[in-house]
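Have a look at the structure below before the remarks.
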Amino acid sequence: MEKLQNYIAGQLMDPVGQDWIDNYQPATGKVYSLIPDSDERDVALAVEAAQKAFPSWSVTSVGERSRLLLRLSQLIEQNLERLAQAESKDNGKPVSLARNVDIPRASSNFHFYATAIEQFASEAHIMEDKAINYTLRKPVGIAGCISPWNLPLYLFSWKIAPALAAGNCVVAKPSEITPMTAFLLSELCIEAGFPPGVLNIVHGYGPKVGQAIVEHPEIPLISFTGGTSTGEHIARTAAPMFKKLSLELGGKNPNLIFADCDFDKMIATTVRSSFANQGQICLCGSRIYVERPIYEKFKNAFVEKVKRMVPGDPSLATTRQGALVSKAHLEKVISYIQLAQEEGGTVLAGGQQVTLEGPLSEGYYLQPTVLEGLGPHCRTNQEEIFGPVVTIAPFDTEEEAVTHANNTPYGLASIVWTENLSRAHRVANQLHAGITWINCWLLRDLRTPFGGVKQSGVGREGGFEALQFFTEPQNVCIQL
Ligand code: NAD
């Protein structure tokens, strides 16, 4: 069985403890590879390698850093098909999604930051006739980057690319549930000619490897994407050490549909924004509020479309709904469907686990599920489910829609459907969210700030925001 390895000091290596974790293929429910069960000893080796590499990498010219990142971006593009198949196998997502979104965006992330760093400049201020102030922007040191399983290579690269572009060295940990494309990335870094120790990838469990990264005194900044409770734990650990923190956490995103929307466009996009990647995108709109005059029309059209979405083999080009990422996650999502019914909800579509034929019979498949009849305060409408489950409910006024939208502890993304321009601006301005999409969803411009408010996170990624996070500003004041 294939054994993945850590990437430390430019080498692929086994974990010090020689322990391994089973890696399951969600489509079949079977173990198909082994990943290093690393611990703090492997993290210590990675930090040592990064420390050795930092003095030279931090002063490597912007042009050379950019060249290496562009090379990596090209290699991802050249290996797109292999990476897409690996991502689909490891995560359970339809290969078409990995091919069209995950892998191209991972390549774009490296391309974007390879060029952004060449545009990144700092400020200078004349202080009347007294002084000149300018701001140095220095790499911080060793960045700890920890990412989740839902968009594995895409979110991994979203952190690593700006960290490296800004001149930091990196110790990174992908999710133990989806380690494969991070491992393939380490092979591509070797092929690209990355200097040893600049990027180190340590595989393993969060409470072991992740915790060791967060606790390590030589890692002054942590960029984390994952669940809110993990983020809270990381914040508690890192705060007494005064580490710089970027936390991209969970969401419970509202989708507000007004009667004056472009109905056909809204329906097509709402199916995607509800169920893309089996609903396992932090930006999916899981609470759908529809203005009453079109509620029945929406409900009929939406439910009819959702009923036709049948989960299938993720490796087939025609599949649009694949498997959920793990057995534990499938069980969690099913438990929420049960909870919703206990809370008085009605299942309008889906709600059942699906058993496919032959080798796929033990895969983690679930019908896309639509629920109705739940109030805004119930647990189903307050807690993140992170699966193919949405609730629908009518609203009567704009004010009520905004109140429902803002009424959770989260504030990551929000979606608004209206053809009324004034309303679009007015509602967007009132939503407590880091991102608001009007008449679209998941349209991403990498220059924009990305992140959430409330329990959805602290800080912003994207564009120059990430380069600011991964650098330390220093004011230099020269008296005239
Ligand atoms: P998770 O919090 O369980 O794990 C995320 C990562 O943290 C994994 O690599 C895990 O091994 C690691 N980890 C776990 N315990 C740790 C610890 N004590 N110290 C350090 N690291 C630790 O999240 P998940 O289940 O992998 O991902 C799903 C969650 O991620 C959802 O809540 C989703 O909303 C969120 N998410 C947020 C965004 C965003 O941009 N805001 C994007 C994608 C996913």
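Remember, it's 1-based here, ligands and their atoms both numbered in the order they're listed.
Among Gly227, Pro179, Ala212, the residue whose heavy atom lies nearest to atom 29 (C) of ligand 1 is Gly227.
Distance remark: protein heavy atom not present below 4.0 angstrom from atom 4 (O) of ligand 1.
Electrostatic pairing of Asp14 and Lys3 does not count as a salt bridge here, judged by no charged N lying under 4.0 Å from a carboxylate O.
Proximity of the aromatic rings of Phe112 and Trp158 is defined here by a centroid distance below 6.0 angstrom, and this criterion is not met. Between Tyr32 and Tyr24, the gap from one ring centroid to the other reaches at least 6.0 Å.
Nearest to atom 22 (C) of ligand 1 among the protein's heavy atoms is Gly206 CA, 3.5 Å. Looking from atom 25 (O) of ligand 1 to the surrounding protein, the closest heavy atom is Trp149 NE1, 2.8 Å.
Contact annotation for Ile281 and ligand 1: no heavy atom of the residue comes within less than 4.0 Å of the ligand. When heavy-atom distances to ligand 1 are checked against a 4.0 Å cut-off, Pro174 comes that close only through its backbone atoms N, CA, C and O. By the criterion of a heavy-atom distance under 4.0 Å, the side chain of Leu155, and not its backbone, is placed next to ligand 1. Contacts with ligand 1 closer than 4.0 Å are made by no heavy atom of Ile177, backbone or side chain. Contact annotation for Thr237 and ligand 1: no heavy atom of the residue comes within less than 4.0 Å of the ligand. Counting heavy atoms closer than 4.0 Å to ligand 1, residue Thr225 contributes atoms from both its backbone and its side chain.
Considering backbone and side-chain atoms alike, Leu249 places an N or O below 3.5 Å from some N or O of ligand 1.
Inter-residue side-chain proximity for Ser33 and Phe183 is flagged as unmet; no heavy-atom pair is nearer than 4.5 Å.
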